[in-house]
Amino acid sequence: MIKFSVIVPVYNRPDEMDELLGSLARQTDKGFDVMVMEGECDRSCKSVCEKYSDIVEIHYLSDNTGRSERRNRGMRESTGDYFMLFDSDVTLPENYIATVRKALDEEYVDCYGGPDSANETFTDLQLAINYSMTSIMTTGGIRGGMKDVYKYQPRAFNMGFSREVFEKTGGYLDMIGEDVDLSMRIREAGFKVKLIREAVVCHKRRITLKGFFRQTNTFGKARILLASRHKGALKPTFLLPSCFVVGNILLVILAIAWRWWCVVPIIIYVLGLFTESLVRNRKLSIALLSIVTSYTQLFGYGLGFIEEMITRKASNAAAETLYRQ
């Protein structure tokens, strides 16, 4: 039977860890241990780990290394032969471990990823961000909805892979887009990767609009960096947010300088966002916020993509870091 080791990097988020560990304590399948890898911080989650130590086998480690190295250390020091990677802001349904075990028993793969969803505890802003990250109207339509599950690129908020994968690839690198980079290196090394649709986590992104913009801006920059490291990594669809940014700016300029009706495409798109979110979430405030979060996401990603394409700052920094390693 597969022994799972759950690896969670965390920094200054004890409340999130309380929710995640609580969901792990309620798992119907108990065949796992947990490695909590905390960076040196002001708000430690050590006491939270101790709270659940009688229910779940938890190992708490703290150091001042980066997130990628803490993940790698957790895998090196764990006892499992298959790792499950989560971000601290997720919670799991009680049958998550059992669902993954059943899927791997039926068809073993060296690496899997799972989708994310929302639940009734989300704030309006969290639900609006969830809409933006999962809607076909934005860049999120392919998250967990791929027809070919074997082409999915797992993300570190919900992914797993074998110890053999870790030993052969070396794990995560200290760079932006490190989880997608690892997914690509796993496939390039000849391992089998698959999306397990039923392995859903609740991803409770606790960030502000400013933080959401910064996060998506990093995603955009990472795409250029990944394209420089992996052949064929730059897909035409990755250009769409940048085209969206340029198109919106041009339409607004034309509306001001020439004819007001040049913004009609923007109006139609905004109404589309509002309508889809209203149908999905059934709440006016979330539908209105979804317009803001969708533009935040698309402009953040698009501007990050354009900036990195011109400056290559993140790519050069990553190259220097990897050279030192």
Side-chain angles (χ1 to χ4, degrees), residues 66-68 87 113 129 132-143 145-146 151-157 159 169 172-188 205 207-257 262-263 265-266 269-270 273 291-325:
R67 181 175 58 185
S68 291
D87 285 345
I129 290 175
S132 302
M133 294 293 284
T134 57
S135 172
I136 195 66
M137 296 283 290
T138 64
T139 61
I142 63 171
R143 291 173 62 89
M146 297 184 66
K151 292 184 178 180
Y152 185 69
Q153 292 179 343
R155 307 298 200 272
F157 69 83
M159 71 181 294
T169 62
Y172 294 92
L173 299 177
D174 185 13
M175 55 180 282
I176 60 173
E178 74 281 1
D179 50 354
V180 180
D181 171 75
L182 178 56
S183 292
M184 291 178 175
R185 287 190 287 115
I186 290 172
R187 186 171 276 111
E188 290 165 359
R205 300 176 183 86
I207 52 178
T208 62
L209 280 174
K210 181 179 179 181
F212 186 46
F213 178 88
R214 187 165 53 247
Q215 182 186 61
T216 54
N217 189 260
T218 300
F219 291 164
K221 293 176 181 177
R223 279 301 170 188
I224 298 295
L225 170 57
L226 292 168
S228 69
R229 289 179 47 80
H230 303 277
K231 184 178 179 181
L234 189 60
K235 308 294 185 183
T237 51
F238 299 153
L239 299 170
L240 293 179
S242 298
C243 295
F244 178 86
V245 170
V246 174
N248 270 257
I249 292 173
L250 288 177
L251 288 174
V252 170
I253 291 173
L254 285 173
I256 295 172
C262 290
V263 295
I266 296 177
Y269 179 72
V270 167
L273 291 172
I291 299 170
V292 179
T293 55
S294 295
Y295 265 80
T296 299
Q297 177 186 346
L298 289 166
F299 266 71
Y301 189 110
L303 290 173
F305 188 97
I306 293 170
E307 179 187 346
E308 183 62 17
M309 186 167 54
I310 295 171
T311 67
R312 301 298 175 115
K313 287 184 179 180
S315 300
N316 293 335
E320 183 178 344
T321 300
L322 296 176
Y323 175 78
R324 289 198 302 268
Q325 291 176 343

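- With sequence neighbours left out, the side-chain contact (heavy atoms from CB on, under 4.5 Å) criterion links Leu250 to Val246.
- Residue pairs meeting the salt bridge (Lys or Arg N to Asp or Glu O under 4.0 Å) criterion with at least one member in residues 231-241: none, sequence neighbours excluded.
- Under the rule for a side chain to side chain donor-acceptor pair (under 3.5 Å), Ser242 has no partner lying at least two apart in sequence or in another chain.
- Smallest separation of non-hydrogen atoms from Val263 and Ala255: CG1-CB, 3.3 Å.
- Pairs of residues two or more places apart, or lying in two chains, that qualify as side-chain hydrogen bond (donor to acceptor under 3.5 Å, both in side chains) and include a residue from residues 245-255 are Asn248-Tyr295.
- Once rounded to the nearest 0.5 Å, the distance linking OH of Tyr301 with CG of Leu240 reads 9.5 Å.
- Under the side chain to side chain donor-acceptor pair (under 3.5 Å) criterion, Thr293 pairs with Ser132, sequence neighbours left out.
- Residue Leu251 comes nearest to Pro265 through the heavy atom pair CD1-CB, 4.1 Å, listed as atom of the first residue, atom of the second, then distance.
- When atom types are taken as modelled, the side chain of Arg312 and the backbone of Ile310 share no donor-acceptor pair closer than 3.5 angstrom.
- Taking each heavy atom of Val245 and Leu298 in turn, the nearest pair found is CG2-O, 3.8 Å.
- Judged as a salt bridge (Lys or Arg N to Asp or Glu O under 4.0 Å), the pairs with a partner in residues 217-228 (not counting sequence neighbours) are, in order, Lys221-Glu307.
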Go through it in stages, so that I can follow the logic: the residues are Met133 and Arg205, the test is side chain to side chain contact (heavy atoms under 4.5 Å, CB included), and I'd like the CA-CA distance, side-chain angles, deciding distance and then a yes or no. CA-CA 11 Å; Met133 294 293 284; Arg205 300 176 183 86; 4.0 Å; yes

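- In this structure, the side chains of Thr216 and Phe299 stay at 4.5 Å or more apart for every pair of heavy atoms.
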For Leu303 and Phe213, run side chain to side chain contact (heavy atoms under 4.5 Å, CB included): C-alpha distance rounded to whole Å, both residues' side-chain angles, the deciding distance at 0.1 Å, then the answer. CA-CA 10 Å; Leu303 290 173; Phe213 178 88; 4.2 Å; yes

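- Going from atom CZ of Phe244 over to atom OG of Ser294 covers 8.5 Å, rounded to the nearest 0.5 Å.
- Residues meeting the side-chain contact (heavy atoms from CB on, under 4.5 Å) test with Arg214, sequence neighbours left out: Lys210.
- Applying the side-chain contact (heavy atoms from CB on, under 4.5 Å) test to Leu254 and every residue at least two apart in sequence or in another chain returns Cys262.
- For the atom pair Thr311 OG1 and Asn316 CG, the distance stands at 8.0 Å (nearest 0.5 Å).
- Nearest heavy atom pair, residue Thr296 against residue Leu209, reads CG2-O, 3.8 Å.
- Side-chain contact between Phe305 and Leu234: present, with at least one pair of heavy atoms (C-beta onward) separated by less than 4.5 Å.
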Please table the atom pairs, donor to acceptor, closer than 3.5 Å between any side-chain atom in residues 176-186 and protein atoms at least two apart or in another chain.
unit_1 : atom_1 : unit_2 : atom_2 : d
Glu178 : OE2    : Arg67  : NE     : 3.4
Glu178 : OE2    : Arg67  : NH2    : 2.9
Glu178 : OE2    : Arg71  : NH1    : 3.2
Asp179 : OD2    : Ala156 : N      : 3.1
Asp181 : OD1    : Arg229 : NE     : 2.9
Asp181 : OD1    : Arg229 : NH2    : 3.2
Asp181 : OD1    : His230 : NE2    : 2.6
Asp181 : OD2    : Arg185 : NE     : 2.9
Asp181 : OD2    : Arg185 : NH2    : 3.4
Ser183 : OG     : Pro154 : O      : 2.7
Ser183 : OG     : Asp179 : O      : 3.2
Arg185 : NH1    : Thr169 : O      : 2.9
Arg185 : NH2    : Gly171 : O      : 2.5

Run the side chain to side chain contact (heavy atoms under 4.5 Å, CB included) test on Glu308 and Ser315 for me, step by step, so that the C-alpha distance in whole Å, both residues' side-chain angles and the decisive distance to 0.1 Å come before the verdict. CA-CA 8 Å; Glu308 183 62 17; Ser315 300; 2.6 Å; yes

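- Applying the side chain to side chain donor-acceptor pair (under 3.5 Å) test to Tyr269 and every residue at least two apart in sequence or in another chain returns nothing.
- Taken from CD in Gln215 to CZ in Phe219, the straight-line distance is 4.0 Å, to the nearest 0.5 Å.
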